[in-house]
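The next block holds one structure in the form of structure tokens; read it before the comments.
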Amino acid sequence: ILDATSDISVVSSGGTARASNMCEEPKYDELFHLPHGLEGYYDYEQGMACARKLNKPVFLDIKGHACTNCKVMEKNTWSDPKVLKKLREESVLIALYVDDKTKLAEEDWVTSSFDGKVKNTIGKKNADFQITRFGVNAQPYYVILDHNGELLADPVAFEEDVDKYAAFLDEGISAFKK
């Protein structure tokens, strides 16, 4: 159910609407929220499918509920108008929480290729994805990907310098457009 603050826009033939980075209501939308009115997904596969459909790069935000540095980045860096505009308009945002304890439906469980253990919560599945895919277990961790999951720029962790962070976003977005 969409509330009055939801901003899922569709362009109909002959009509115009503000660009949206959303294709459908996100899984786990009732559990997670993004700052600054940003829209995004909380499931990697769903977000990747939308990025393909909209032909936009993926901005992957690997974070945690208890991650102080994640909150600092969102408050001090993401709030900058040039950063916020890029996040809002030029990519599909996927936020993966690595410390969420919500139990997954059994069909969504994964067996880790890293440690061989079954991951049965959202957080364990996302943490395993980060470790297996990027060899890192630290948050925040920001990655820009193409539709095949390939890196478009070197990932960034905690970076409060707005200009450096905006340059990271520009590098990934430019690489995608090539």
Side-chain angles (χ1 to χ4, degrees), residues 1-3 6 8 20-75 77-78 87-88 91-159 165 168-169 172 175-176:
I1 299 173
L2 299 176
D3 62 34
S6 294
I8 297 177
S20 177
N21 293 334
M22 303 300 291
C23 299
E24 61 185 324
E25 189 168 342
K27 283 173 83 168
Y28 315 124
D29 196 32
E30 71 283 359
L31 300 173
F32 308 119
H33 303 283
L34 292 165
H36 311 298
L38 289 166
E39 301 173 306
Y41 292 95
Y42 309 101
D43 175 82
Y44 180 76
E45 290 80 14
Q46 186 185 32
M48 288 297 286
C50 183
R52 284 185 205 97
K53 182 176 179 181
L54 297 178
N55 195 32
K56 291 187 176 186
V58 167
F59 176 78
L60 190 58
D61 170 23
I62 302 175
K63 66 193 306 172
H65 295 294
C67 174
T68 300
N69 283 342
C70 300
K71 292 173 179 70
V72 169
M73 284 293 297
E74 290 170 354
K75 181 179 183 226
T77 307
W78 284 25
L87 295 175
R88 181 171 281 126
S91 64
V92 172
L93 199 153
I94 303 172
L96 299 180
Y97 285 80
V98 299
D99 61 353
D100 190 78
K101 298 184 183 336
T102 303
K103 192 93 155 171
L104 290 164
E106 194 167 344
E107 64 266 15
D108 293 328
W109 293 5
V110 296
T111 300
S112 173
S113 61
F114 179 74
D115 65 10
K117 295 180 181 177
V118 172
K119 309 303 177 181
N120 62 1
T121 67
I122 291 172
K124 287 179 182 176
K125 180 180 178 180
N126 290 339
D128 183 72
F129 172 79
Q130 182 186 17
I131 292 166
T132 304
R133 176 67 175 81
F134 304 109
V136 173
N137 183 18
Q139 296 79 45
Y141 197 67
Y142 306 110
V143 183
I144 303 175
L145 302 171
D146 69 12
H147 300 155
N148 298 314
E150 297 300 318
L151 293 174
L152 293 170
D154 289 337
V156 168
F158 186 77
E159 177 55 73
Y165 198 80
F168 153 72
L169 294 172
F176 179 79

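What's counted below: heavy atoms across the whole structure, side chains too, no hydrogens, waters or symmetry copies. Fair warning: this is a prediction, and the values are worked out from it, not measured in the lab. We count residues from 1, following the sequence as given.
- Closest non-hydrogen pair, K119 versus D128, comes out as CE-OD1, 3.8 Å.
- The structure places CG of L38 at 6.5 Å from CH2 of W78, a figure rounded to the nearest 0.5 Å.
- Scanning for ring pair (Phe, Tyr, Trp, His ring centres under 6.0 Å) contacts around F176 gives H147, with sequence neighbours left out.
- Rounded to the nearest 0.5 angstrom, K63 NZ and L34 CG are separated by 5.5 Å.
- If you take CG on N126 and CD1 on I131, they are separated by 11.0 Å, rounding to the nearest 0.5 Å.
- Between C70 and Q139, the closest heavy-atom pair is SG-CB, 4.0 Å.
- Contact between P26 and G40 at its shortest, heavy atoms only, is CG-O, 3.2 Å.
- For the pair Y41 (side chain) and E24 (backbone), a donor-acceptor distance under 3.5 Å is present.
- Shortest non-hydrogen contact noted between L152 and P57 is CD1-CB, 4.0 Å.
- With hydrogens and angles disregarded, a donor-acceptor distance shorter than 3.5 Å links the side chain of Q46 to the backbone of K27.
- At least one side-chain heavy atom of L151 sits less than 4.5 Å from a side-chain heavy atom of L145.
- Considering only heavy atoms from C-beta on, Y28 comes within 4.5 Å of I122 through its side chain.
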message = Apply side-chain contact (heavy atoms from CB on, under 4.5 Å) to residues T121 and Y97 and explain how you reach the verdict.
response = CA-CA 10 Å; T121 67; Y97 285 80; over 6 Å; no
ask   = Would L169 and I144 count as a side-chain contact (heavy atoms from CB on, under 4.5 Å) if you check the C-alpha gap in whole Å, the side-chain angles of each, and the deciding distance to 0.1 Å?
value = CA-CA 8 Å; L169 294 172; I144 303 175; 4.0 Å; yes
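- Going from atom OG1 of T77 over to atom OH of Y165 covers 7.5 Å, rounded to the nearest 0.5 Å.
- Here the closest non-hydrogen pair linking H65 and D99 is N-OD1, 2.8 Å.
- At distances below 3.5 Å, not a single donor-acceptor pair connects side-chain atoms of N148 with backbone N or O atoms of E150.
- Within the model, atoms NZ of K125 and CG of D43 stand 5.5 Å from one another, a figure rounded to the nearest 0.5 Å.
- Below 30°, between 30° and 60°, or above 60°: for F134 and F129 the angle between ring planes is above 60°, a perpendicular geometry.
- Residues passing the ring pair (Phe, Tyr, Trp, His ring centres under 6.0 Å) test with Y42, sequence neighbours excluded: F32.
- Nearest heavy atoms, Y142 versus D61: CE2-OD1, 3.2 Å.
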inquiry  = Please determine whether side-chain contact (heavy atoms from CB on, under 4.5 Å) holds for the pair L93 and E39, giving the CA-CA distance in whole Å, both sets of side-chain angles, and the decisive distance to 0.1 Å.
reply    = CA-CA 7 Å; L93 199 153; E39 301 173 306; over 6 Å; no
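- With rounding to the nearest 0.5 Å, the separation of CG in L96 from CG in L60 is 5.0 Å.
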task = Evaluate the criterion side-chain contact (heavy atoms from CB on, under 4.5 Å) for residue pair F168 and E159; output intermediate values, then yes/no.
result = CA-CA 10 Å; F168 153 72; E159 177 55 73; over 6 Å; no
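- Taking a 6.0 Å sphere around CG of D154, one finds it holds 12 or fewer heavy atoms contributed by other residues, nucleotides or ligands.
- Residue pairs that meet the salt bridge (charged side-chain N to carboxylate O under 4.0 Å, His left out) test with at least one member in residues 137-148, sequence neighbours left out, do not exist here.
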